[in-house]
Amino acid sequence: NLGQPRPNPHKEVGRTGIGKQPTEGPVEVRAPGPKETGLGSGLVGDFIGDINLSDVTMNGAGAARLSSGVDIAVPGGTTGTETQITLALRPERLALYDLDEEVPAGHNRVRVKVSRRLYYGDVHFYDVDAGIGTEIEVKEENRPGVELYEVGEEAYLVWSPEAANLVTA
């Protein structure tokens, strides 16, 4: 359902409140402001759903360090002027790779241990421990050839630097 302003029957204030109407498909929800994302964009959120958040320390433009001490690449438009910042990663933008598997060039790679696996319809959800003090959720489609990981198994958590969002207070 898509919200639409409607008249308030109790006051002479014009249109207020939210009425609902059916929609044909997904609806993009955005905060007022520019459509660009990233630091200083004014965009509050560009999706509704699960997200992984982790505090990182900036090491300059395009580089950050996780609390575990692992250095990672972050989106290139970052100024590097913030010391502490929050890294936001959507579960479906992450992938698990075998420890001996080649990782795409330029992608981040962090060694993790699977702490939970849940099969839900066409998706496998994993919680992995990367040594950052909180579990990271990974969402992988269930399709032919996708590697399944068992609880306790080690793997690499892999993502493109451009898949991350950086959030400041």
Side-chain angles (χ1 to χ4, degrees), residues 1-2 22-31 35-39 41 43-78 80 84-168:
N1 288 326
L2 179 63
T23 64
E24 294 296 320
V27 176
E28 183 176 51
V29 179
R30 289 190 170 271
K35 284 192 163 196
E36 297 84 20
T37 60
L39 295 176
S41 69
L43 186 62
V44 174
D46 64 353
F47 72 97
I48 296 174
D50 292 332
I51 192 159
N52 296 294
L53 299 173
S54 178
D55 292 331
V56 296
T57 303
M58 296 303 297
N59 288 346
R65 178 167 287 157
L66 296 171
S67 60
S68 64
V70 175
D71 290 325
I72 59 169
V74 293
T78 307
Q84 289 294 119
I85 203 163
T86 300
L87 175 73
L89 289 166
R90 293 169 58 176
E92 65 271 16
R93 301 265 178 104
L94 304 172
L96 294 175
Y97 280 67
D98 288 340
L99 296 177
D100 60 355
E101 193 174 354
E102 188 174 336
V103 172
H107 281 54
N108 288 308
R109 177 179 78 172
V110 177
R111 193 174 186 137
V112 298
K113 188 174 189 175
V114 175
S115 55
R116 182 181 73 113
R117 182 179 85 183
L118 173 68
Y119 173 72
Y120 186 75
D122 61 345
V123 183
H124 276 92
F125 290 95
Y126 295 95
D127 285 342
V128 297
D129 181 1
I132 60 170
T134 185
E135 300 277 310
I136 297 173
E137 183 178 295
V138 181
K139 177 182 176 183
E140 291 194 320
E141 286 185 32
N142 185 25
R143 60 186 186 276
V146 169
E147 179 87 25
L148 297 180
Y149 294 89
E150 299 297 328
V151 172
E153 191 172 354
E154 290 189 345
Y156 282 123
L157 179 65
V158 176
W159 71 94
S160 164
E162 299 306 318
N165 288 304
L166 297 174
V167 182
T168 58

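Note that these values count all heavy atoms, side chains included, but never hydrogens, waters or copies made by symmetry.
Between Leu96 and Leu157, some side-chain heavy-atom pair lies under the 4.5 Å cut-off. Counting only heavy atoms from C-beta outward, the side chains of Arg111 and Val70 never approach each other to under 4.5 Å. At a threshold of 4.5 Å between non-hydrogen side-chain atoms, the residues Ile136 and Leu89 do not count as touching. With a 4.5 Å cut-off on side-chain heavy atoms, Leu53 and Thr134 do not count as touching. At a threshold of 4.5 Å between non-hydrogen side-chain atoms, the residues Tyr156 and Arg109 count as touching.
Judged by distance alone, with hydrogens and angles left aside, the side-chain atoms of Asn108 form a donor-acceptor pair with the main-chain N or O of Ala73 at under 3.5 Å. Between the side chain of Asn52 and the backbone N or O of Glu137 there is at least one donor-acceptor pair closer than 3.5 Å. Remark: side-chain polar atoms of Tyr149 are not paired, donor with acceptor, to backbone N or O of Val114 under 3.5 angstrom. Proximity of a side-chain donor or acceptor of Ser54 to a complementary backbone N or O of Leu87 within less than 3.5 Å is not detected. The backbone N or O of Asp98 lies less than 3.5 Å from no partner atom in the side chain of Glu147, so there is not a single donor-acceptor pair.
Nearest heavy-atom pair across Ala88 and Ile51 is CB-CD1, 3.4 Å. Across all non-hydrogen atoms, the minimal contact from Val146 to Glu141 is CG2-O, 3.6 Å. Between Arg117 and Leu148 the shortest heavy-atom distance is NH1-CB, 3.6 Å. Pro104 and Val158 make their closest contact through CD-CG1, 4.3 Å (heavy atoms, listed as atom of the first residue, atom of the second, distance). For Val110 against Ala130, the heavy-atom pair with the smallest separation is CG1-CB, 4.1 Å. Taking both residues in full, the closest heavy atoms of His107 and Pro161 are given as CA-CD, 4.2 Å, listed atom of the first, atom of the second, then distance.
With sequence neighbours left out, Tyr120 forms a ring-ring contact (aromatic ring centres under 6.0 Å, His included) with no residue at all. For Asp129, the side-chain contact (heavy atoms from CB on, under 4.5 Å) partners at least two apart in sequence or on another chain are Glu135.
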Working for side chain to side chain contact (heavy atoms under 4.5 Å, CB included), residues Glu154 and Leu99: CA-CA 7 Å; Glu154 290 189 345; Leu99 296 177; 4.0 Å; yes
Test side chain to side chain contact (heavy atoms under 4.5 Å, CB included) applied to Val123 and Glu92, step by step: CA-CA 10 Å; Val123 183; Glu92 65 271 16; over 6 Å; no
Audit row: Ile72, Trp159, side chain to side chain contact (heavy atoms under 4.5 Å, CB included) steps and yes/no: CA-CA 10 Å; Ile72 59 169; Trp159 71 94; 4.0 Å; yes
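Using the six-membered ring where Trp is involved, His124 and Tyr119 have ring planes that are tilted, between 30° and 60° apart.
Ile132 CD1 to Ser67 OG: the interatomic distance, rounded to the nearest 0.5 Å, is 5.5 Å. Taken from CE in Met58 to CD in Gln84, the straight-line distance is 10.5 Å, to the nearest 0.5 Å.
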